[in-house]
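Just below is one structure, and these are the notes that go with it.
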Amino acid sequence: MEAVNRGDGRDRDVLRLLYQGLDDATVARRLGVSHRTVQRRVQRIMTDLGVSGRFALGAKAQELGLILGINQSANSPGGTAANAVDLHAQGCREAGRTG
């Protein structure tokens, strides 16, 4: 949580793009890094935030204000929960399972 909370730009970029529903490969292309780099960063962010899945990652990042206001405010209909579900579904697709 240290790096994300103190404003590590890459961590926030990864969170923001994942929150927008992009998969790891697309995030990697947008950031100009490898797919594996994004996967490792996501795993590290989840460890730092103490969560074990992408749904929880989205919810925790929203709760901490790390991605608030990117798409919708926390109080908007379809805001936090919809985007957290997108993160979970995207993680399942990448793992080859249904969510």
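Heavy-atom basis, side chains included; hydrogens, waters and symmetry copies ignored.
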Provide the closest heavy-atom pair for [X] versus [Y] in the form atom of the first, atom of the second, distance.
| X | Y | value |
| --- | --- | --- |
| Leu18 | Arg54 | CD2-NH1, 3.4 Å |
| His35 | Ala25 | CD2-N, 3.3 Å |
| Asp24 | Gln39 | OD2-CG, 3.4 Å |
| Met46 | Leu57 | CG-CD2, 3.9 Å |
| Arg12 | Leu66 | NH2-CD2, 3.5 Å |

Salt bridge (charged side-chain N to carboxylate O under 4.0 Å, His left out) between Arg44 and Asp11, intermediate numbers included:
CA-CA 9 Å; Arg44 188 181 51 74; Asp11 285 350; 2.7 Å; yes
[atom2] on [Y] to [atom1] on [X], rounded to 0.5 Å:
| X | Y | atom1 | atom2 | value |
| --- | --- | --- | --- | --- |
| Ile67 | Gln62 | CD1 | CD | 5.0 Å |
| Arg41 | Ser34 | CZ | OG | 10.5 Å |
| Gln20 | Arg30 | CD | CZ | 7.0 Å |
| Leu22 | Leu31 | CG | CG | 9.5 Å |

Looking only at side chains, do Arg29 and Thr26 share a donor and an acceptor under 3.5 Å apart?
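There is such a pair (donor and acceptor under 3.5 Å, judged by atom type) between the side chains of Arg29 and Thr26.
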Could you tell me whether the side chain of Ile45 reaches within less than 4.5 Å of the side chain of Val51, counting heavy atoms only?
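They are not in contact (no side-chain heavy atoms under 4.5 Å apart), so the answer is no.
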